[in-house]
**Student:** 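Handing you this structure, nothing more for now.
Scope of the values below: all heavy atoms of this structure, side chains included, with no hydrogens, waters or symmetry mates.
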Amino acid sequence: MFKRVLVVFENESVCREAVRYARELALRMDSEVTFLMLVEISFPDRSFLGSKRNVLHSLEARVGKMLSNFSSRFFKDGIETSIALRVGNPAQEFLKFLAEREPFQAVIWGSGEELPEHNQLPRGHWLAKVITTLECPLLTVSSKETKGMGTP
């Protein structure tokens, strides 16, 4: 069975502890890691896409560079990685992303925001809306849990 771990970041926020945790988990599970950056941008009218084109190109460049840096570090440890950027409504983009791929064995919340237990997620947060659709565990990482781990 091929094992896969998904690390989800939001709005260009990255929790370094989550990246370290993902590396350690991937080494233990002998798994591939996918980094997914979700960026919330609304497109109320498709005619405005032209005006956001420069913003999107700049975003792709920044996120691509950031996620590629993580990937290269993982590659040095023999961990296969892939990166993805999704722009739009985070809940919808997350679910579309999951539907387009083989299942993951774990999802790690990696955006730096400390999230409480699943049943206590903030009501307005998009993750609270989709958590019940996950077929694998959602892991959140606090700095206390990862102090003994090496650098990514």
Side-chain angles (χ1 to χ4, degrees), residues 1-42 55-152:
M1 179 176 150
F2 191 63
K3 298 176 188 141
R4 303 173 69 229
V5 174
L6 175 64
V7 184
V8 180
F9 304 115
E10 183 179 21
N11 296 323
E12 299 183 69
S13 294
V14 173
C15 176
R16 299 262 182 214
E17 290 83 7
V19 174
R20 283 192 282 280
Y21 186 85
R23 180 185 159 275
E24 294 293 326
L25 183 61
L27 287 170
R28 289 182 185 131
M29 290 177 47
D30 190 27
S31 63
E32 169 187 301
V33 175
T34 300
F35 297 108
L36 170 63
M37 178 66 73
L38 297 167
V39 178
E40 186 169 12
I41 295 179
S42 63
V55 171
L56 292 173
H57 285 296
S58 174
L59 176 66
E60 286 173 347
R62 283 191 316 273
V63 170
K65 183 178 179 181
M66 178 191 332
L67 298 182
S68 291
N69 285 338
F70 294 145
S71 289
S72 65
R73 293 177 196 160
F74 278 53
F75 184 71
K76 289 178 184 176
D77 291 328
I79 302 168
E80 188 176 330
T81 62
S82 58
I83 61 174
L85 168 66
R86 291 295 180 104
V87 177
N89 177 294
Q92 291 175 359
E93 294 302 323
F94 181 67
L95 291 175
K96 285 192 275 185
F97 181 84
L98 292 177
E100 296 169 359
R101 283 160 178 74
E102 295 292 321
F104 291 93
Q105 280 62 57
V107 175
I108 299 172
W109 176 252
S111 72
E113 235 178 272
E114 295 261 344
L115 291 178
E117 295 300 316
H118 307 320
N119 58 355
Q120 299 172 7
L121 285 169
R123 281 187 176 195
H125 197 276
W126 65 267
L127 193 55
K129 298 173 188 174
V130 300
I131 191 103
T132 58
T133 64
L134 291 178
E135 296 178 358
C136 64
L138 172 68
L139 306 170
T140 58
V141 179
S142 73
S143 52
K144 276 198 294 189
E145 295 171 341
T146 60
K147 281 190 178 183
M149 295 188 174
T151 57

**Student:** Under the side-chain contact (heavy atoms from CB on, under 4.5 Å) rule, collect the residues that match up with Ser71, sequence neighbours excluded.
**Tutor:** Phe35, Thr81, Ile83
**Student:** When you look at Met37 and Val14, which way does the side-chain contact (heavy atoms from CB on, under 4.5 Å) test go after all the steps?
**Tutor:** CA-CA 9 Å; Met37 178 66 73; Val14 173; 4.1 Å; yes
**Student:** Can you pull the salt bridge (Lys or Arg N to Asp or Glu O under 4.0 Å) pairs that have at least one residue in residues 56-67, sequence neighbours excluded?
**Tutor:** Glu12-Arg62
**Student:** Who passes side-chain contact (heavy atoms from CB on, under 4.5 Å) against Phe97, sequence neighbours left out?
**Tutor:** Leu6, Thr34, Leu36, Ala84, Arg86, Arg101, Phe104
**Student:** Side-chain contact, heavy-atom cut-off 4.5 Å: Ile41 with Leu59?
**Tutor:** yes
**Student:** How close do Lys3 and Asp30 get, counting heavy atoms only, and between which atoms?
**Tutor:** CB-O, 4.4 Å
**Student:** Identify, with sequence neighbours excluded, every residue that meets side-chain contact (heavy atoms from CB on, under 4.5 Å) alongside Glu40.
**Tutor:** Asn11, Pro90
**Student:** Please step through side-chain contact (heavy atoms from CB on, under 4.5 Å) for the pair Trp109 and Glu10, ending with a clear verdict.
**Tutor:** CA-CA 9 Å; Trp109 176 252; Glu10 183 179 21; 3.2 Å; yes
**Student:** Can you give me the closest heavy-atom contact between Arg4 and Gln105, atom names plus distance?
**Tutor:** N-OE1, 2.6 Å
**Student:** Would you say the side chain of Tyr21 lies within less than 4.5 Å of the side chain of Glu17, judging by non-hydrogen atoms?
**Tutor:** no
**Student:** Please give me the minimum heavy-atom distance between Leu134 and Leu138, naming the atom from each residue.
**Tutor:** CD1-CB, 4.0 Å
**Student:** With heavy-atom distances below 4.5 Å as the criterion, would you say the side chains of Phe9 and Val63 are in contact?
**Tutor:** no
**Student:** Over all heavy atoms of both residues, which pair between Glu32 and Ser82 is shortest? Give the atoms and the distance, please.
**Tutor:** OE2-OG, 4.1 Å
**Student:** Between Ala18 and Ile108, what is the shortest heavy-atom contact and its length?
**Tutor:** CB-CG2, 4.1 Å
**Student:** Looking only at non-hydrogen atoms, find the nearest pair between Val33 and Ala22 and report the distance.
**Tutor:** CG2-O, 4.2 Å
